[in-house]
2 protein chains.
Amino acid sequence: MDKNELNEEEMRLWHTWKGSFHRIFGRVIKDMSERTGLSEGDYGILDRLALFGNGSLRQQELADSMDWDKSRLSHHLTRMEKRGLVMRKSLDTDRGVLVIITSAGQSALDDARPVAAAAIRKHFLDQLTDLDVESIMKLAERTKARPAE
Amino acid sequence: MDKNELNEEEMRLWHTWKGSFHRIFGRVIKDMSERTGLSEGDYGILDRLALFGNGSLRQQELADSMDWDKSRLSHHLTRMEKRGLVMRKSLDTDRGVLVIITSAGQSALDDARPVAAAAIRKHFLDQLTDLDVESIMKLAERTKARPAE
DNA sequence: ATTCCAAGGTTGATACGTCAACCATAGGCT
DNA sequence: AGCCTATGGTTGACGTATCAACCTTGGAAT
């Protein structure tokens, strides 16, 4: 078959895959942000600060654990700082910056945990069969490496 | 088990699912946009105008077929119009607007087709097993309906 | 004929993502 | 000492997504 075009079925597969993701992910995110005021990024950051960092992390560590680049994180932290969810404190030992969860951030996180869990369970986990679980885990394994150029 | 928290495995499943999507989708989009100058939205719009609409569509029809709301489409068309990919023409029969692909838009689309196909094939289709295909199609079927509130 | 409403769009504000340019400095090299 | 570079961050610009407010007008209801 011609490598330069997709047939009906291939196209449908691509659109279906995209569609399912957006639908499910969108439901989770909307549920969560409407009920907690936290976006997915907010939640991920607070979660890592609290659990992985025990309250604080260097910005670079945080960026690595989120798999975000430093610019994206910097912008996001600026917004979160404005809302009082985190604080930044420059280290004088080296030129790094320590990101610290505030008490407002901590309680927002505490409130959000059960909501996030419920949303993920309802819209995602509860929809999956064993087949889906197997497919998800194996596909991730298979695609983790960079593709050959 | 407590319905209000997720265990290790459930969390890993969620993160893995999100991660795979972003990784694969990101590769396709980046490949495509770098080589063609068209974003996914641009491509989807031009594709529908050309094939589904035979060159033009009412804005509302276009929005429906993209599954976008009118505001999102309006903003996007404004940007595309500025780049000369489409034109807008108001209908005097009713208060609708006709969106028309320009010749620049048509040739951008023609150039992009094989690139898009190759990117989707390489990063997505070629990574899938029969198991994945089955999972994708069935999950979509299962989650299509609105969730019960 | 008025009134009212829904359809079809636009606009502005704000959040989010990405890219490239920039800045400061700690450490290594010569 | 003087120079270089990698590290760690910030910033501005631009594209994209969402939400709410708004505008216009064709028709329906009374």
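Labels below follow one simple rule: chain letters A, B, ... track the order of the sequence lines, proteins then strands, and each chain is numbered from 1.
Of the charged side-chain nitrogens involved, at least one lies within less than 4.0 Å of a carboxylate oxygen, so that A:R88 and A:E81 count as a salt-bridged pair. With salt bridges taken as basic N to acidic carboxylate O contacts below 4.0 Å, one links B:D47 and B:R113. Looking at A:D132 and B:R142, a side-chain N of the basic residue comes within less than 4.0 Å of a carboxylate O on the acidic one, giving a salt bridge. A salt bridge links A:R58 and A:D94; the closest N-O separation between the charged side-chain nitrogens and carboxylate oxygens is under 4.0 Å.
A sub-4.0 Å separation between OP1 or OP2 of D:dT24 and a side-chain N or O of B:R95 is absent. Remark: B:Q59 is not in phosphate contact with C:dA7, judged by side-chain N or O atoms under 4.0 Å from OP1 or OP2. Put simply, B:R88 has a side-chain N or O that comes within less than 4.0 Å of OP1 or OP2 on C:dT10. Using a 4.0 Å cut-off, no side-chain N or O of A:S71 falls inside it from OP1 or OP2 of C:dC19. Contact annotation: A:S39 reaches the phosphate of C:dC16 (side-chain N/O to OP1 or OP2, under 4.0 Å). Put simply, B:R72 has no side-chain N or O that comes within less than 4.0 Å of OP1 or OP2 on D:dC19.
When the C1' atom of C:dA15 is taken as reference, atom CG of A:L85 falls 14 Å away, rounded to whole Å. Put simply, CD1 on A:I29 is 14 Å from C1' on C:dA15, counting in whole angstrom units. If you take CE of A:M80 and P of C:dC16, they are 9 Å apart, rounded to a whole angstrom. For the pair A:L38 CG and C:dA15 P, the interatomic distance rounds to 14 Å; values are reported in whole Å. With rounding to whole Å, A:H76 atom NE2 is found 18 Å from C:dC19 atom P. The separation between B:W68 atom CH2 and C:dG9 atom C1' is 16 Å, rounded to whole Å. A:K89 places its NZ atom 18 Å from the P atom of D:dG8, with the value rounded to the nearest Å. Following rounding to the nearest Å, A:D69 (CG) and D:dT11 (P) show an atom-to-atom distance of 16 Å.
Applying the 5.5 angstrom centroid cut-off and the 30 degree plane-angle cut-off, the aromatic ring of A:H75 is stacked upon the base of D:dT11.
Between B:K30 and A:E40, the residue whose closest nucleotide on DNA chain C is further toward the 5' end is A:E40. For the pair A:V97 and B:D94, both in contact range of DNA chain D, the more 5′-proximal nearest nucleotide belongs to A:V97.
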Quiz prompt | Chi angles and distances behind the salt bridge (charged side-chain N to carboxylate O under 4.0 Å, His left out) call for A:R48, A:E61 | solution = CA-CA 10 Å; A:R48 280 164 181 77; A:E61 289 179 306; over 6 Å; no
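Of all nucleotides listed (D:dT16, D:dA17, C:dC19), D:dT16 comes nearest to the side chain of B:D42. Considering only the side chain of B:K70, C:dG8 comes nearest among C:dG8, C:dA15, D:dT16.
Remark: the B:H22 side chain and the C:dG17 base include no donor-acceptor N/O pair separated by less than 3.5 Å.
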